[in-house]
Amino acid sequence: MHLHQIRVYYEDTDAGGIVYYANYLKFMERARTEWLRGFGYEQDILMEQSIAFVVKRVEMHNYAPARFNELLSIETRVVELKGASMTFQQTIKNNNGLKLVSADIQVACVDITAMKPKRLPRTLLGEISRVI
C-alpha cells in the first residue's frame, strides 16, 4: 500500500466549504502518480516512449465530506494486474482516520501515438507484481 497526503485548499471546496466531489478524483490521480514515482517511473518520460495511462472505469463511494484545510491521507493499492491494465483501490481518510471516499479505478496502458492498448513495460509489471 502507498500512502500520500494532501491538504484541502480553499479552491478545492464548494460554496458550502466542503470538497467538491470531482476533486477527490484529482487527489486520487495525484496519489497514483506518486505511487508510480515510487517505482522510479515518471509519466513525462513514459510519454516520451509513447506510453500513457488512461482511466477506463471509476466506481466511487462518498461517505463523509472533507473540509477546507484538512490534511487527507490517500491509500493506494493495486488489486488487479493484467498485461495492459491495472485496477487500483483507493481510500481517502481524514486526519482522524475516518473514511471519507473510496474508489476502484481501472487504468489502461496505451500507446499514445496509436491510442490503442499497450502492455505495461515489463520492468514495471515485474515490480508491481512483487508488491501486490
Side-chain angles (χ1 to χ4, degrees):
M1 179 193 67
H2 179 265
L3 186 65
H4 179 68
Q5 291 191 312
I6 221 164
R7 175 80 55 191
V8 175
Y9 293 103
Y10 183 75
E11 67 189 30
D12 299 320
T13 62
D14 62 16
I18 62 173
V19 171
Y20 182 66
Y21 78 95
N23 288 331
Y24 293 116
L25 295 171
K26 292 179 182 182
F27 298 163
M28 288 185 253
E29 178 75 33
R30 292 175 196 166
R32 290 192 309 276
T33 296
E34 294 303 325
W35 169 86
L36 187 63
R37 184 172 281 134
F39 286 107
Y41 290 86
E42 298 289 341
Q43 291 195 47
D44 55 344
I45 303 300
L46 290 171
M47 289 175 66
E48 289 172 3
Q49 300 167 20
S50 194
I51 298 170
F53 296 101
V54 297
V55 173
K56 183 175 179 183
R57 181 184 58 81
V58 173
E59 183 177 332
M60 186 169 85
H61 299 274
N62 297 296
Y63 302 102
R67 301 182 187 282
F68 170 67
N69 209 30
E70 280 188 305
L71 184 63
L72 306 179
S73 295
I74 305 165
E75 299 172 357
T76 301
R77 64 179 47 87
V78 174
V79 294
E80 183 178 51
L81 182 61
K82 296 182 177 178
S85 71
M86 53 190 146
T87 301
F88 292 90
Q89 188 175 72
Q90 292 186 275
T91 303
I92 300 177
K93 296 180 179 179
N94 68 11
N95 218 19
N96 296 323
L98 178 67
K99 180 166 56 169
L100 307 177
V101 179
S102 67
D104 291 329
I105 301 174
Q106 184 180 27
V107 175
C109 183
V110 297
D111 178 320
I112 56 178
T113 305
M115 288 311 292
K116 293 189 177 185
K118 180 176 187 166
R119 291 187 65 76
L120 282 103
R122 188 175 317 149
T123 53
L124 177 59
L125 194 60
E127 290 183 43
I128 297 169
S129 295
R130 284 194 294 276
V131 297
I132 62 170

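Just so it is clear, the structure is predicted and the values come from calculations on it, not from any experiment. Start at 1 with the first residue, then count along the sequence.
To the nearest 0.5 Å, the span separating CG on L72 from NE2 on H4 amounts to 10.0 Å. With rounding to the nearest 0.5 Å, the separation of CG in L36 from OG1 in T76 is 11.5 Å. A distance of 10.5 Å separates CD1 in I6 from CE in M28, rounded to the nearest 0.5 Å.
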Side-chain polar contacts of residues 115-132 - donor-acceptor pairs under 3.5 angstrom, sequence neighbours left out - could you list them?
{"residue": "T123", "atom": "OG1", "partner": "Y41", "partner atom": "OH", "Å": "2.5"}
{"residue": "S129", "atom": "OG", "partner": "L125", "partner atom": "O", "Å": "2.8"}

Would you give me the side-chain donor-acceptor pairs under 3.5 Å for residues 53-61, sequence neighbours excluded?
{"residue": "E59", "atom": "OE2", "partner": "H61", "partner atom": "NE2", "Å": "3.1"}

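One hydrophobic cluster, built from ILVMFWY side chains closer than 4.5 Å, cannot hold both L25 and I18; they sit in different ones. Linking ILVMFWY side-chain heavy atoms closer than 4.5 Å, directly or via other members, places L81 and F39 in a single hydrophobic cluster.
Using a 4.0 Å cut-off between a side-chain N of Lys or Arg and a carboxylate O of Asp or Glu, E29 and K26 do not qualify as a salt bridge.
Applying the side-chain hydrogen bond (donor to acceptor under 3.5 Å, both in side chains) rule to pairs touching residues 91-103 yields Y63-S102, E75-K93, sequence neighbours excluded. The stretch residues 69-94 participates, sequence neighbours left out, in these ring-ring contact (aromatic ring centres under 6.0 Å, His included) pairs: W35-F88. Residue pairs meeting the side-chain hydrogen bond (donor to acceptor under 3.5 Å, both in side chains) criterion with at least one partner in residues 6-21, sequence neighbours excluded, do not occur; the list is empty.
If you run side chain to side chain contact (heavy atoms under 4.5 Å, CB included) between Q90 and each of R77, H2, R32, only R32 comes through. A side chain to side chain contact (heavy atoms under 4.5 Å, CB included) with I74 is found for exactly one of L100, V101, L3, I92, namely I92.
Between the T113 side chain and the S50 main chain, no donor and acceptor come within less than 3.5 Å of each other.
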TODO: Report the C-alpha distance between V8 and R67 in whole Å, list the side-chain angles of each, state the deciding distance to 0.1 Å, and finish with yes or no for side chain to side chain contact (heavy atoms under 4.5 Å, CB included).
DONE: CA-CA 7 Å; V8 175; R67 301 182 187 282; over 6 Å; no
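Taking the side chain to side chain donor-acceptor pair (under 3.5 Å) definition, one finds that E34 meets it with R37, sequence neighbours left out.
More than 12 heavy atoms of other residues, nucleotides or ligands sit less than 6.0 Å from atom CE of M1.
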